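Below is one structure, written out as structure tokens; comments come after it.
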Amino acid sequence: MSLTVVEGNFVAAEGKYTLVVGRFNEFVVESLVDGAVDTLKRHGVSEENIRIVRVPGAFEVPLAVQRVAQQKRDDAIIALGAVIRGGTPHFEFVSNESSKGVAQVSLDCGVPIANGILTVNSIEQAIERSGTKMGNKGAEAALSAIEMVSLLRQLEV
């Protein structure tokens with residue numbers, strides 16, 4: 001008996017990608033966008049195959065992701081945003097609902113959606129995860145999207 005392993009790769013990163021970006025906390029989010037776009041381009045995705053859709057904040061991301069997925073234009077969608085904990089329960093609601101919404105759209109539409117929405121306790125953590133000592137979570141989300149596109153192509157019937 002032979003074991004079969006199927007996994008995506010980053011070699012032939014072709015396809016169309018849309019970034020759905022929450023503008024709130026823009027000083028952090030723009031670094032995520034830059035990281036994602038740079039990663040896609042470095043892996044061979046041409047600029048004409050990258051689209052950016054901007055929404056007010058992380059809470060609005062799932063609806064825009066759903067609409068983009070329904071267009072059946074993209075091979076993958078990358079959700080980006082930043083939710084930073086404040087002194088009220090608002091953080092819990094926004095971070096939970098944006099995460100659940102993005103995951104649900106991916107399952108409902110069958111399109112890979114990489115969740116690069118930061119949910120952090122402080123501005124310092126947000127800055128660390130948008131390009132300093134903790135890496136760039138936008139770039140990581142782009143890598144996940146590329147890998148999932150490759151994987152799903154291998155699993156096509």
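We count residues from 1, following the sequence as given. This one's a predicted model, so the numbers in the text were calculated from it and none came from an experiment. What you see below is based on every heavy atom in this structure, not just the backbone, and it leaves out hydrogens, waters and symmetry mates.
Of the possible donor and acceptor atoms, none in the side chain of Ser99 sits under 3.5 Å from a partner among the backbone N and O of Ser95. Between the side chain of Ser106 and the backbone N or O of Val111, at least one donor-acceptor pair lies under 3.5 Å. Side-chain N or O atoms of Asp38 include none that pairs as donor or acceptor with a backbone N or O of Asp34 at under 3.5 Å. A donor-acceptor pair is defined here as one N or O able to donate and one able to accept, closer than 3.5 Å; such a pair exists between the side chain of Asn25 and the backbone of Ala82.
Around atom CD of Glu47, no more than 12 heavy atoms belonging to other residues, nucleotides or ligands sit under 6.0 Å away. Few gaps surround CZ on Arg73; more than 12 heavy atoms of other groups in view lie less than 6.0 Å from it. The number of heavy-atom neighbours closer than 6.0 Å to CZ of Phe93, taken from other residues, nucleotides and ligands shown, is 12 or below. Within a 6.0 Å sphere centred on CD of Glu7, heavy atoms belonging to other residues, nucleotides or ligands number 12 at most. Annotation for Leu151: atom CG counts as buried by contact number, over 12 foreign heavy atoms lying within 6.0 Å.
The shortest side-chain heavy-atom distance between Ile50 and Lys41 falls under the 4.5 Å cut-off. In this structure, the side chains of Arg129 and Val28 stay at 4.5 Å or more apart for every pair of heavy atoms. In this structure the side chain of Arg85 reaches within 4.5 angstrom of the side chain of Glu92, judged on heavy atoms. Proximity of Val120 to Glu128: side-chain heavy atoms (C-beta onward) are nowhere separated by under 4.5 Å. Under the 4.5 Å side-chain criterion, counting only non-hydrogen atoms from C-beta, Phe91 is in contact with Thr119. Ile78 has its side chain within reach of Leu40: a pair of non-hydrogen atoms, C-beta onward, lies under 4.5 Å apart.
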Take Glu97 and Lys100, measure what salt bridge (charged side-chain N to carboxylate O under 4.0 Å, His left out) needs, and give me the verdict at the end. CA-CA 5 Å; Glu97 294 307 312; Lys100 283 193 302 188; 3.2 Å; yes
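Two different hydrophobic clusters hold Ile52 and Val55 under the rule that ILVMFWY side chains link at heavy-atom gaps under 4.5 Å. Cluster membership check: Phe10 shares its hydrophobic cluster with Val37, using side-chain heavy-atom separations under 4.5 Å among Ile, Leu, Val, Met, Phe, Trp and Tyr. Cluster annotation: Val94 is not connected to Val29 through the hydrophobic network of ILVMFWY side chains, with a link wherever side-chain heavy atoms come within less than 4.5 Å. Linking Ile, Leu, Val, Met, Phe, Trp and Tyr whenever their side-chain heavy atoms come within less than 4.5 Å puts Ile117 and Val105 in one cluster. Criterion: ILVMFWY side-chain heavy atoms under 4.5 Å apart, direct or through other members. Under it, Val53 and Leu32 are not part of a common hydrophobic cluster.
When all heavy atoms are compared, the tightest approach of Ser98 to Ala58 is CB-O, 3.3 Å. Scanning both residues, Leu152 and Pro112, for their nearest heavy atoms gives CD1-CG, 3.4 Å. Looking at every heavy atom in both residues, Ala139 comes nearest to Thr39 through CB-OG1, 3.2 Å. Across all their heavy atoms, Lys137 and Leu118 have their closest contact at CG-CD2, 3.5 Å. In terms of heavy atoms, Ser150 sits closest to Asn9 at OG-N, 3.0 Å. Across all their heavy atoms, Ser122 and Ile84 have their closest contact at C-CG2, 3.7 Å.
In this structure, the separation between CD on Gln125 and OG on Ser130 is 11.5 Å, given to the nearest 0.5 Å. Distance check: Gln104 CD to Ile113 CD1 gives 10.0 Å after rounding to the nearest 0.5 Å. How far OG1 of Thr18 is from CG of Asp75: 10.0 Å, rounded to the nearest 0.5 Å. Rounding to the nearest 0.5 Å gives a distance of 6.5 Å between NZ of Lys72 and SG of Cys109. With rounding to the nearest 0.5 Å, the separation of CD1 in Ile146 from OH in Tyr17 is 5.0 Å.
Ion pairing between a basic and an acidic side chain is recognised when a charged N comes within 4.0 Å of a carboxylate O; Arg67 and Glu60 show no such pairing.
Among the candidates Leu19, Val20, Val68, Ile77, the single residue satisfying the side-chain contact (heavy atoms from CB on, under 4.5 Å) test with Arg51 is Val68.
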